[in-house]
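Just so it is clear, the model here is predicted, and its values are computed rather than measured.
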Amino acid sequence: MPSAGLCSCWGGWALPLLLVYVCYLLLGATIFQLLERQAEAQSRYHFQLEKLRFLENYTCLDQWALEQFVQVIMEAWVKGVNPKGNSTNPSNWDFGSSFFFAGTVVTTIGYGNLAPSTEAGQVFCVFYALLGIPLNVIFLNHLGTGLRAYLATAERWEDQPRRSQVLQVLGLALFLSLGTLVILIFPPMVFSHVEGWSFSEGFYFAFITLSTIGFGDYVVGTDPSKHYISVYRSLAAIWILLGLAWLALILPLGPLLLHRCCQLWLLSLRQGCGAKEAPGRRPRGGSTAARGVQATPQDFPISKRGLGS
């Protein structure tokens, strides 16, 4: 019955998987709480202390006026306006920034530091995402499927000479290494230099971006005290698309490279064991009959005299 099959499936693998999933979430919540709660309390205390000092230095202001000013700052930040600097700050909706925002929409990164504030912009964003997100998924899946199809139609790897096998494995390893350097190592170095971050912060931004988590705590091109080139955020959006495409390509390559390395290692072990057994090996079955050669009467001629005729 369908209900019996569902119960057996649930009892077979779904329930342990659910327990592992919940335990993983609980573990993450516990560790994040231990690591971040104390820092949050210190930041909260420091902010309240700074507000009290501000009120002491400017006695013409009261608590209510300061809270109103903070509210204005928070509303401006939510709408994507950086409260630092002045009105000459670069626009968040120039073409480069808009292109960067469009990339974060279709890739579902969604940093959260910028969003449409007009009703028309919000409605367009909904329909733009409804079409753009499936298009992005189809594009990335097509890249991965094309690579898997190429690997499937290629000559069988096991039938190739040993030299060709080693060269293919080295080629795959070189491709993965260069891709990691170009996508995950070099861009964080550039972002760290331009934004004034440490390399760990730049690498953190790159990983959070390409994994489409997109916290929004680190976003390129948002510091009003820096003078960016006009295409800086557009280049960052192109890097995001290329990075996601590279991830779609290496997903089938990682397990394939590991599998072929294991095959080469096992083949080397077998050849090594065969080379050790070869000098002391004895031919099995030294007799003629053991070697499968049958004796015939013609092989042993008997004279007539021996028979007494």
Side-chain angles (χ1 to χ4, degrees), residues 32 35-36 39-51 53-54 57-58 66-118 121-122 125 181-244:
F32 283 129
L35 294 177
E36 299 295 334
E40 181 202 20
Q42 293 178 357
S43 299
R44 192 186 303 271
Y45 173 77
H46 179 72
F47 177 69
Q48 295 297 331
L49 184 61
E50 288 296 324
K51 286 201 302 183
R53 289 178 179 175
F54 185 82
N57 293 331
Y58 299 92
L66 180 59
E67 294 296 336
Q68 289 294 112
F69 183 67
V70 171
Q71 182 65 29
V72 172
I73 294 177
M74 294 297 297
E75 291 178 357
W77 178 262
V78 169
K79 294 181 179 180
V81 179
N82 197 317
K84 296 173 61 178
N86 50 39
S87 59
T88 60
N89 293 339
S91 173
N92 288 321
W93 294 106
D94 55 9
F95 182 79
S97 299
S98 300
F99 183 77
F100 181 80
F101 175 76
T104 61
V105 170
V106 298
T107 57
T108 68
I109 295 176
Y111 289 115
N113 68 312
L114 184 64
S117 58
T118 63
Q122 293 171 353
C125 184
L181 180 65
V182 173
I183 299 299
L184 289 179
I185 303 300
F186 182 68
M189 294 175 62
V190 175
F191 294 143
S192 301
H193 175 73
V194 175
E195 301 291 341
W197 301 337
S198 63
F199 178 76
S200 61
E201 292 174 323
F203 185 81
Y204 168 80
F205 163 76
F207 176 80
I208 294 300
T209 297
L210 295 182
S211 60
T212 67
I213 297 175
F215 289 126
D217 49 351
Y218 289 89
V219 183
V220 296
T222 58
D223 191 349
S225 63
K226 298 184 180 299
H227 300 282
Y228 304 103
I229 60 175
S230 57
V231 295
Y232 177 64
R233 302 194 78 182
S234 298
L235 294 176
I238 295 174
W239 164 75
I240 292 174
L241 297 177
L242 292 178
L244 292 176

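Phe95 has its side chain out of reach of Ser230: every pair of non-hydrogen atoms, C-beta onward, lies at least 4.5 Å apart. Between Thr107 and Leu244, some side-chain heavy-atom pair lies under the 4.5 Å cut-off.
The ring-ring contact (aromatic ring centres under 6.0 Å, His included) test applied to Trp197 returns Phe205, Tyr218, not counting sequence neighbours. Under the ring-ring contact (aromatic ring centres under 6.0 Å, His included) criterion, Phe99 pairs with no residue at all, not counting sequence neighbours. When the salt bridge (Lys or Arg N to Asp or Glu O under 4.0 Å) test is applied to Glu50, the partners found at least two apart in sequence or on another chain are Arg53. Shown here are the side-chain hydrogen bond (donor to acceptor under 3.5 Å, both in side chains) partners of Gln122, two or more places apart in sequence or in another chain: there are none. Evaluation of the salt bridge (Lys or Arg N to Asp or Glu O under 4.0 Å) rule for Lys51 yields Glu67 as partners, not counting sequence neighbours. By the ring-ring contact (aromatic ring centres under 6.0 Å, His included) test, Phe69 pairs with no residue at all, sequence neighbours left out.
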Handout entry: Worked verdict on Trp239 versus Phe191 for ring-ring contact (aromatic ring centres under 6.0 Å, His included)
Key = CA-CA 12 Å; Trp239 164 75; Phe191 294 143; 5.2 Å; yes

Handout entry: Intermediate values then yes/no, ring-ring contact (aromatic ring centres under 6.0 Å, His included), Phe207 and Phe203
Key = CA-CA 6 Å; Phe207 176 80; Phe203 185 81; 7.1 Å; no

Practice task
Apply side chain to side chain contact (heavy atoms under 4.5 Å, CB included) to Phe101 and Trp93, showing your working.
Solution key: CA-CA 9 Å; Phe101 175 76; Trp93 294 106; 3.8 Å; yes

Practice task
Could you check Tyr228 against Arg233 for side chain to side chain contact (heavy atoms under 4.5 Å, CB included), going step by step and ending with a plain yes or no?
Solution key: CA-CA 9 Å; Tyr228 304 103; Arg233 302 194 78 182; over 6 Å; no

Practice task
May I have the step-by-step check of side chain to side chain contact (heavy atoms under 4.5 Å, CB included) for Ile109 and Ile240, ending in yes or no?
Solution key: CA-CA 10 Å; Ile109 295 176; Ile240 292 174; 3.6 Å; yes

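Using modelled atom types, no side-chain atom of Tyr232 and backbone atom of Gly96 make a donor-acceptor pair closer than 3.5 Å. Although no hydrogens or angles enter the test, the distance criterion places no donor-acceptor pair under 3.5 Å between the side chain of Thr209 and the main chain of Ala206. A donor-acceptor pair under 3.5 Å is formed between the side chain of Glu195 and the backbone N or O of Gly221. In terms of modelled atom types and a separation under 3.5 Å, the side chain of Ser192 and the main chain of Ser198 share a donor-acceptor contact.
In this structure, Phe100 CZ and Asp94 CG are separated by 12.0 Å, a value rounded to the nearest 0.5 Å. Taking CD1 of Ile213 as the start and CD1 of Ile208 as the end, the distance is 4.0 Å to the nearest 0.5 Å. The structure places CG of Asn113 at 10.0 Å from CG of Asp217, a figure rounded to the nearest 0.5 Å. Atom-to-atom distance recorded for His46:NE2 and Ser43:OG is 8.0 Å, nearest 0.5 angstrom. The distance from atom CG of Leu49 to atom CZ of Phe47, rounded to the nearest 0.5 Å, is 11.5 Å. Distance CG/Leu210 to CG/Leu241: 10.0 Å, rounded to 0.5 Å.
The local environment of CZ in Phe186 is sparse, with at most 12 non-hydrogen atoms from other residues, nucleotides or ligands closer than 6.0 Å.
Here the closest heavy-atom approach between residue Gly121 and residue Pro116 is recorded as C-CB, 3.6 Å. Across all non-hydrogen atoms, the minimal contact from Pro187 to Ile183 is CG-O, 3.3 Å.
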